[in-house]
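The next block holds one structure in the form of structure tokens; read it before the comments.
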Amino acid sequence: MPRPRFNKLDPAKRQRILEAAAQQFAAHGYDHASLNQILADAGISKGAAYYYFDDKADLYTTAVQHYASALMDDLPQTLPLLTAQTFWPMLKAMYADQFAALQERPWVLGLVKSAGRLTPEQIAETGLAETFGQLRDLLGRMIEQGQELGVMRTDLPADLLLNIFMSVDDALDQWLLANWSQLTPEEIEPISGKVLDGMQRLLSAANDSPAA
């Protein structure tokens, strides 16, 4: 995590550092991102950087946690309010809102997805294991909420349903990242909506096998 001095920075300067880091890591991944380029883009010296972060891994972790939490910020508050009628429409709306917000900043998605390519050693180095665990816990609660509301199937283990959900989500994100420059906002929303429709058909309680 960043040193206390970082959180005391002027918000605009703090945001400039995070954006420079996010763009570099999104473009080149954790391994190949240049710390020197990040500092140059952010307008700070290497000496000053070590007042804020221990090293490149610390900066990467800070950027990933900052932007990942922003993407998922509304879900914990939304889950308790869901009903059987609003569960799937809410997920579709959440995806549509996220992709709309990413129109001017697709590098945010690129940064977050870069964390999925880390090796176990890099996860340990960056300290992101806890962040990954928190994400799985949050999405796991969403699966359980769907089951309790009777809109998500219960004939498969909940952790398997979670893996399916995350795999489909990742496939959509990776495809969008690869094709973002050729897509208009008007094209992205229906594509994500159709993927969510497919996910709903796959995970819906209507697929529950009859009890033996």
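Numbers for residues simply follow the sequence, beginning at 1.
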What pairs of donor and acceptor atoms, side-chain ones from residues 37-50 against any protein atom, are under 3.5 angstrom apart with sequence neighbours left out?
from, atom 1, to, atom 2, distance (Å)
Gln37, NE2, Asp41, OD1, 2.8
Ser45, OG, Ala48, N, 3.0
Lys46, NZ, Asn36, OD1, 3.0

I'd like a table of donor-acceptor pairs (distance under 3.5 Å, sequence neighbours excluded) in which one partner is a side-chain atom from residues 188-200, with atom names and distances.
from, atom 1, to, atom 2, distance (Å)
Ser192, OG, Ile188, O, 3.4
Ser192, OG, Glu189, O, 2.9
Asp197, OD1, Lys92, NZ, 2.5

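A distance of 5.5 Å separates CE of Met72 from CG of Leu135, quoted to the nearest 0.5 Å. With rounding to the nearest 0.5 Å, the separation of CD1 in Ile123 from CD in Glu130 is 13.5 Å. In this structure, Leu138 CG and Leu75 CG are separated by 4.5 Å, a value rounded to the nearest 0.5 Å. Note that CG of Leu118 is 8.0 Å distant from CG of Asp31, once rounded to the nearest 0.5 Å. Separation of atoms CD1 (Ile17) and NE2 (His66) is listed at 12.0 Å; rounding is to 0.5 Å. One finds the CG atom of Asp54 at 11.0 Å from the CG atom of Leu59 (value rounded to the nearest 0.5 Å).
Residues in residues 138-150 take part in no salt bridge (Lys or Arg N to Asp or Glu O under 4.0 Å) pair, two or more places apart or across chains. Applying the side-chain hydrogen bond (donor to acceptor under 3.5 Å, both in side chains) definition to pairs two or more places apart or across chains, those involving residues 55-64 are Tyr60-Ser114. Listed by first then second residue, pairs satisfying salt bridge (Lys or Arg N to Asp or Glu O under 4.0 Å) with a partner in residues 153-175 read Lys113-Asp170, Lys113-Asp173, Arg153-Asp155, not counting sequence neighbours. Counting only residues at least two apart or in different chains, ring pair (Phe, Tyr, Trp, His ring centres under 6.0 Å) contacts with residues 91-124 comprise Tyr67-Trp107. The list of ring pair (Phe, Tyr, Trp, His ring centres under 6.0 Å) pairs with a residue in residues 120-164, not counting sequence neighbours, is empty. Every pair tested for ring pair (Phe, Tyr, Trp, His ring centres under 6.0 Å) that includes a residue from residues 162-207 fails, sequence neighbours excluded, so the list is empty.
Under the 4.5 Å side-chain criterion, counting only non-hydrogen atoms from C-beta, Met142 is in contact with Phe87. Between Arg136 and Asn163, the closest side-chain pair of non-hydrogen atoms falls below 4.5 Å. Ile143 has its side chain out of reach of Leu139: every pair of non-hydrogen atoms, C-beta onward, lies at least 4.5 Å apart.
Between Met152 and Leu161, the shortest heavy-atom contact is CG-CD1, 4.3 Å. Across all their heavy atoms, Ala26 and Gly110 have their closest contact at CB-C, 3.7 Å. The two residues Val64 and Ala115 make their nearest non-hydrogen contact at CG1-CB, 4.3 Å. Listed here is the closest heavy atom pair of Thr83 and Thr86: N-OG1, 2.8 Å. Between Gln145 and Pro80 the shortest heavy-atom distance is NE2-CA, 4.2 Å.
Contacts of Asp97 classified as salt bridge (charged side-chain N to carboxylate O under 4.0 Å, His left out), with partners at least two apart in sequence or in another chain: none. Remark: Thr184 pairs with Glu186, Glu187 by the side chain to side chain contact (heavy atoms under 4.5 Å, CB included) rule, at least two apart or across chains. For Arg5, the side chain to side chain contact (heavy atoms under 4.5 Å, CB included) partners two or more places apart in sequence, or in a different chain, are Tyr51, Tyr52. The side chain to side chain contact (heavy atoms under 4.5 Å, CB included) check on Leu81 picks up nothing, with sequence neighbours excluded.
Using a distance-only test at 3.5 Å, with no hydrogens or angles considered, no donor-acceptor pair links the side chain of Asn7 to the main chain of Pro2. With hydrogens and angles ignored, the 3.5 Å screen pairs a side-chain donor or acceptor of Gln24 with a backbone N or O of Ser34.
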Item to check | Candidate pair Thr131 and Gln65, rule side chain to side chain donor-acceptor pair (under 3.5 Å), full reasoning | outcome: CA-CA 7 Å; Thr131 300; Gln65 290 176 334; 2.9 Å; yes

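With a 6.0 Å radius and a threshold of 12 heavy atoms from other residues, nucleotides or ligands, Glu104 has its CD atom at or below the threshold.
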